[in-house]
Amino acid sequence: MEEEKKTPTFSEALRSQAREDERPNAAALSLKKILAGDFFTAHKVRQQMWVIMLTVFFVIVYVAMRYNIQQDLIKIDKMKTELQDAKYRSLAASSQLTEKCRESNVLRLLKHGPDSAVHVANQPPFIIRIPEE
């Protein structure tokens, strides 16, 4: 009987040639290998896993903080416009009050108002002194 030469299957051939503990040759590192993804072997990924996780964590924190800051800036802008509106309303109310409190307007209201018995005094006010006992 002839010894039959057994041909290995694809997975057996792959297992016999590929090992995770292999170190890639540094001289063979090229831009083509980096862009193709051959640079990232399982060993390098496992070795840098904590750095990758830390980077992902910082990216998530950065995005969350930026979102919070944008929401705060929107709230600040809204409050600034509300403050500006309140200042304008206050200024308008103050000017109306000043207009109504002017002496000429008060005299006009007294003369032409329903309480016409009240009038401006013709004589200046004087002090009444009471003797002490």
Side-chain angles (χ1 to χ4, degrees):
M1 289 202 213
E2 291 180 22
E3 289 185 29
E4 293 181 19
K5 190 172 186 182
K6 187 177 180 184
T7 58
T9 63
F10 178 73
S11 61
E12 290 172 348
L14 188 63
R15 277 193 200 112
S16 67
Q17 292 180 3
R19 296 182 318 199
E20 289 186 6
D21 60 341
E22 283 183 342
R23 301 275 182 198
N25 191 359
L29 188 63
S30 66
L31 182 63
K32 181 180 177 184
K33 286 187 177 183
I34 292 173
L35 293 177
D38 296 337
F39 177 72
F40 298 109
T41 62
H43 176 71
K44 285 196 184 242
V45 171
R46 263 191 263 126
Q47 189 178 20
Q48 301 296 327
M49 184 57 69
W50 290 109
V51 175
I52 293 168
M53 288 173 48
L54 186 66
T55 304
V56 168
F57 173 74
F58 281 134
V59 166
I60 290 171
V61 168
Y62 175 77
V63 169
M65 295 296 279
R66 183 178 171 106
Y67 177 76
N68 284 338
I69 289 172
Q70 283 180 340
Q71 294 301 318
D72 289 344
L73 288 175
I74 289 170
K75 192 184 293 184
I76 287 171
D77 287 342
K78 182 180 176 184
M79 292 175 103
K80 279 183 181 178
T81 56
E82 287 178 10
L83 178 65
Q84 194 71 22
D85 291 344
K87 282 182 180 180
Y88 288 146
R89 285 193 306 268
S90 171
L91 184 63
S94 175
S95 86
Q96 287 177 355
L97 180 63
T98 303
E99 181 66 28
K100 287 182 180 181
C101 290
R102 286 192 180 150
E103 186 178 356
S104 60
N105 286 339
V106 172
L107 290 175
R108 183 177 45 81
L109 287 173
L110 287 176
K111 286 181 185 177
H112 302 295
D115 194 12
S116 61
V118 179
H119 63 286
V120 179
N122 295 336
Q123 298 175 354
F126 59 92
I127 299 174
I128 300 175
R129 297 184 196 261
I130 300 174
E132 292 183 23
E133 289 185 36

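Only this structure's heavy atoms are used, side chains among them; waters, hydrogens and symmetry mates stay out.
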Q: To the nearest 0.5 angstrom, please state how far the CG atom of D72 sits from the OH atom of Y67.
A: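 OH of Y67 is found 10.5 Å from CG of D72.
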
Q | Interatomic spacing from CG in L91 to CZ in R89 - rounded to 0.5 Å | A |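 Output value for this atom pair is 12.0 Å.
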
Q) Any side-chain heavy atom of N105 within less than 4.5 Å of one from R108? A)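 Yes, close enough: below the 4.5 Å cut-off.
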
Q) Among all residues two or more places apart in sequence or in another chain, which pass the side-chain contact (heavy atoms from CB on, under 4.5 Å) test with T9? A)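 If we apply the side-chain contact (heavy atoms from CB on, under 4.5 Å) test to T9, skipping adjacent residues, the hits are S11, E12.
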
**Q.** Residues clustering with V61 (ILVMFWY side chains joined when closer than 4.5 Å, directly or via others)
**A.**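 Same cluster as V61: L54, F57, F58, M65.
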
Q. Which ILVMFWY residues can you reach from F126 by hopping between side chains whose heavy atoms are under 4.5 Å apart?
A.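 Joined to F126, directly or through intermediates: I128.
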
Q: Could I get the full list of salt bridge (charged side-chain N to carboxylate O under 4.0 Å, His left out) partners for E99, not counting sequence neighbours?
A: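 Per chain and number, E99 pairs via salt bridge (charged side-chain N to carboxylate O under 4.0 Å, His left out) with R102.
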
Compile the donor-acceptor pairs under 3.5 Å between side chains in residues 74-87 and protein atoms, sequence neighbours left out, one pair per line.
unit_1 : atom_1 : unit_2 : atom_2 : d
T81    : OG1    : D77    : O      : 3.4
T81    : OG1    : K78    : O      : 2.6
Q84    : NE2    : Y88    : OH     : 3.0

Q. Are the side chain of T98 and the backbone of S94 linked by a donor-acceptor contact shorter than 3.5 Å?
A.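 Yes, the answer is positive, given that a donor and an acceptor are paired below the 3.5 Å cut-off.
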
